[in-house]
There are 2 protein chains.
Amino acid sequence: MDRSPARIALDDFDRKILAILQKDNLTPQRTIGDAVNLSAPAVQRRIKKMTEAGVIQANVAVVDPAALGHPITIFVEVEIISETADQIEDAKREFAATPEIQQCYYVTGEVDFLLVIVVANMAAYEALTKRLFFGNNNVKRFRTFVAMERIKAGLEVPVR
Amino acid sequence: MDRSPARIALDDFDRKILAILQKDNLTPQRTIGDAVNLSAPAVQRRIKKMTEAGVIQANVAVVDPAALGHPITIFVEVEIISETADQIEDAKREFAATPEIQQCYYVTGEVDFLLVIVVANMAAYEALTKRLFFGNNNVKRFRTFVAMERIKAGLEVPVR
DNA sequence: AGTGAAAAAAAGTGAGA
DNA sequence: TCTCACTTTTTTTCACT
């Protein structure tokens, strides 16, 4: 699923452009050009190059989960029993295919997976646990943390 | 920081539009209109309304952390000693102001905060822990998980 | 509210420095 | 590889249903 080994050299212009686009990718290229001292076409070419190289992976609208009726964010630590490559791959595939799972990381340490889940209510979460964890006999243990408040949320990568 | 009390009624058109914008917000309104059976101006007015109402919180480019020299994602569970309102607020403020902290949630359960951190290398993370955790005598304990693989990452909220 | 056509703005293309 | 001038596409506005 990580399809971007693309390592491309970025200069200061590129980094400045990325900093802007990570905050608002609807900024006109002309405005970006003014900010970084480049013409609009130059900005455009750089954006295109970075997109093709996989540096820019997507352009998305960030939506308030509550507005869509999914006000609850939940973190789950998952420990699995058998860590054979096949079992791990199966788990990855299932987690990736579940829409309620917003983020999924395979981690080192006492647990194996960390999930960020967005659901409409606790009943929906319980149904999900039944399917994903209790219904999977390779899951040894899982621990749930319910978010009471989202202090900061984004995917922004610090520049410089 | 949660500034969207705005609860607006969304119909099926709105939800379909949001589903598209969450995947690619550069999709032409004309294309969106074709997909949902609406004219481009109608799509535009709905997008504008949702943006003003805070349903759409931002429009951002998703950047590959590795391309910016921050290839390591780390999860941290933080337990604090004193849970007085002031102490909690101080912690929130500091976490929110740290650029390397991409996501921060205040949660129920055995820990108090969950952080998602993006750094260039382990040395940078150690420096950060010194400042944020060891340098803060209200932090009782913290536990680190290093992401070995990003199976799924996004902020997309399931529609329907 | 929605549509369709016209105006305005932006993105995309190519020649030349 | 940038900039400048030009073309094409998209967004935005407006009169009307």
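Note that the structure is predicted; figures quoted are calculated from it, not measured. Order of the sequence lines sets the chain letters (A, B, ...), proteins ahead of strands, with each chain counted from 1.
- Ion pairing between A/R30 and A/D34 holds under the 4.0 Å rule for side-chain N and carboxylate O.
- Going from atom CG of B/L38 over to atom C1' of D/dT12 covers 16 Å, rounded to whole Å.
- Geometrically, B/K92 engages B/Y106 in a cation-pi contact, judged by NZ or CZ lying under 6.0 Å from the ring centre and within 45° of the ring axis.
- The distance from atom CD1 of A/I47 to atom C1' of C/dA10 is 12 Å, rounded to the nearest whole Å.
- Rounded to whole Å, the distance from CG on A/L10 to P on D/dT1 is 13 Å.
- Ranking C/dG12, C/dA10, D/dT11 by closeness to the B/P28 side chain, first place goes to D/dT11.
- Remark: B/R141 CZ is loosely packed, at most 12 non-hydrogen atoms of other residues, nucleotides or ligands lying under 6.0 Å away.
- One interatomic measurement links the two molecules: CG of B/N25 to P of C/dA10, which rounds to 17 Å at whole-angstrom precision.
- Atom CZ in A/R30 sits roughly 17 Å away from atom C1' in D/dT11 (whole-Å rounding).
- Atom CD1 in B/I32 sits about 8 Å away from atom P in D/dT11, given to the nearest Å.
- The residue A/Q29 sits close only to the backbone: its heavy atoms come under 4.0 Å of sugar-phosphate atoms, none of a base.
- Checked against C/dT13, D/dT1, C/dA1, the side chain of B/R45 finds its nearest nucleotide in C/dA1.
- Closest to the A/P41 side chain, of the nucleotides C/dT3, D/dC2, D/dC4, is D/dC4.
- We find that NZ of A/K49 is positioned 16 Å from P of C/dT13, with the value rounded to whole Å.
- Residues A/N25 and A/N59 bring a donor and an acceptor atom of their side chains to less than 3.5 Å of each other.
- Salt-bridge annotation for B/R160 and B/D12: present, with a side-chain N of the basic residue lying under 4.0 Å from a carboxylate O of the acidic one.
- Rounded to whole Å, the distance from CG on B/D34 to C1' on C/dT3 is 14 Å.
- Of the residues near DNA chain C, A/L26 and B/S39, the one whose nearest nucleotide (by heavy atom distance) lies more toward the 5' end is B/S39.
- Look at A/Q44 and you won't find any side-chain N or O under 4.0 angstrom from OP1 or OP2 of C/dA11.
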